[in-house]
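Shown next, in structure tokens, is the structure this report addresses.
Every value quoted in this text rests on a predicted model; they were computed, and no experiment measured them. We name chains A, B, ... by the order of the sequence lines, and we start the count at 1 in each one.
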Amino acid sequence: DAGITQSPRHKVTETGTPVTLRCHQTENHRYMYWYRQDPGHGLRLIHYSYGVKDTDKGEVSDGYSVSRSKTEDFLLTLESATSSQTSVYFCAISEPTGDSNQPQHFGDGTRLSIL
Amino acid sequence: AQSVTQPDIHITVSEGASLELRCNYSYGATPYLFWYVQSPGQGLQLLLKYFSGDTLVQGIKGFEAEFKRSQSSFNLRKPSVHWSDAAEYFCAVGAGGATNKLIFGTGTLLAVQP
């Protein structure tokens, strides 16, 4: 299994509080991704990173920010959590080869509940 | 824009029966296609991938998938299902370009009856 660790694995917090989720990889992969998973929606991309300090938005980026100061760490921050951000969050990594899409490898997820 | 459709939200099969999970994609060029499996409380595990070449792709756990360009499909199959195959299955298409992004379908939840 790819060396991906997400922390925390579970978190319950209140509306309006800031929340930071961490993804740590030991594979030295260049690309890292944050998804949220909700019933009926599959996985939707929030933000992704293509290198240290290089990030871009995905399809559901509103209300989220990210940072990547080291190759191995990719942080997802909810500046002011809302109940609509209750979800399961997954981190993924990949290392592109040439022009072809390579598989992404996933962490075990963080279950976030916002009350 | 690229998209993936998994028409079956939920499927129930008997143990030992054959399985086919449907996946249709929309993509303008030769697609990169993937199937992932997710067990409860776990992340997604890659079952198999199609990049080019042979249209019948073998994966882990006895799964295979067939790429049919004329039907824009990439259906997942297994000849004999085991109880441990109960999980959610996701089809994904590569968005192309340097970003290596994937577009996921909404998933098919597989239940296995004894």
Task: Residue selection (most heavy-atom pairs with chain A, distance under 4.5 Å) from B/Gly43, B/Gly105, B/Pro31 - done: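 The answer is B/Gly43.
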Task: Verdict with reasoning, B/Phe51 to A/Gln102, per side chain to side chain contact (heavy atoms under 4.5 Å, CB included) - done: CA-CA 9 Å; B/Phe51 285 178; A/Gln102 293 299 315; 3.6 Å; yes
Open item on the list: Run the side chain to side chain donor-acceptor pair (under 3.5 Å) test against B/Asp8 and tell me which residues pass, sequence neighbours left out.
Closed with: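 For B/Asp8 the side chain to side chain donor-acceptor pair (under 3.5 Å) partners, ignoring immediate neighbours, are B/Arg22.
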[X], [atom1]: over 12 other non-hydrogen atoms inside 6.0 angstrom:
X        : atom1 : answer
B/Ile9   : CD1   : no
A/Arg111 : CZ    : no
A/Glu59  : CD    : yes

With rounding to the nearest 0.5 angstrom, report the [atom1] to [atom2] distance, [X] to [Y].
X        : Y        : atom1 : atom2 : result
A/Leu43  : B/Ile103 : CG    : CD1   : 11.0 Å
B/Glu88  : A/Gln37  : CD    : CD    : 6.0 Å
B/Phe104 : A/His41  : CZ    : NE2   : 16.0 Å

Task: Any A/Pro103 side-chain heavy atom under 4.5 Å of B/Tyr36 side chain - done: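 With C-beta onward as the side chain, the pair touches.
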Task: Contacting region of B/Leu44 [heavy-atom separation from chain A under 4.5 Å] - done: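 Interface part for B/Leu44: both.
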Transitive ILVMFWY side-chain link [X] to [Y], under 4.5 Å:
X        : Y        : value
B/Ile60  : B/Leu56  : no
A/Leu115 : A/Val88  : no
A/Leu75  : A/Met32  : no
B/Val4   : B/Leu109 : no

Open item on the list: Between A/Tyr50 and chain B, with a heavy-atom cut-off of 4.5 Å, which part of the residue counts as in contact: side chain, backbone, both or neither?
Closed with: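 For A/Tyr50, no heavy atom lies under 4.5 Å from chain B.
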Smallest separation among heavy atoms of [X] and [Y], with atom names:
X       : Y        : value
A/Gly42 : B/Phe90  : CA-CE2, 3.9 Å
A/Tyr48 : B/Lys101 : CE2-CD, 3.7 Å
B/Gly41 : A/Arg9   : O-NH2, 3.6 Å

TODO: Show your working on side chain to side chain contact (heavy atoms under 4.5 Å, CB included) between A/Phe90 and B/Gln38 and close with a plain yes or no.
DONE: CA-CA 12 Å; A/Phe90 285 97; B/Gln38 184 182 31; 3.2 Å; yes
Task: side chain to side chain contact (heavy atoms under 4.5 Å, CB included) between A/Leu45 and B/Leu102, intermediate numbers included - done: CA-CA 8 Å; A/Leu45 182 65; B/Leu102 297 180; over 6 Å; no
TODO: Please step through side chain to side chain contact (heavy atoms under 4.5 Å, CB included) for the pair B/Gln45 and A/His105, ending with a clear verdict.
DONE: CA-CA 7 Å; B/Gln45 180 184 19; A/His105 302 282; over 6 Å; no
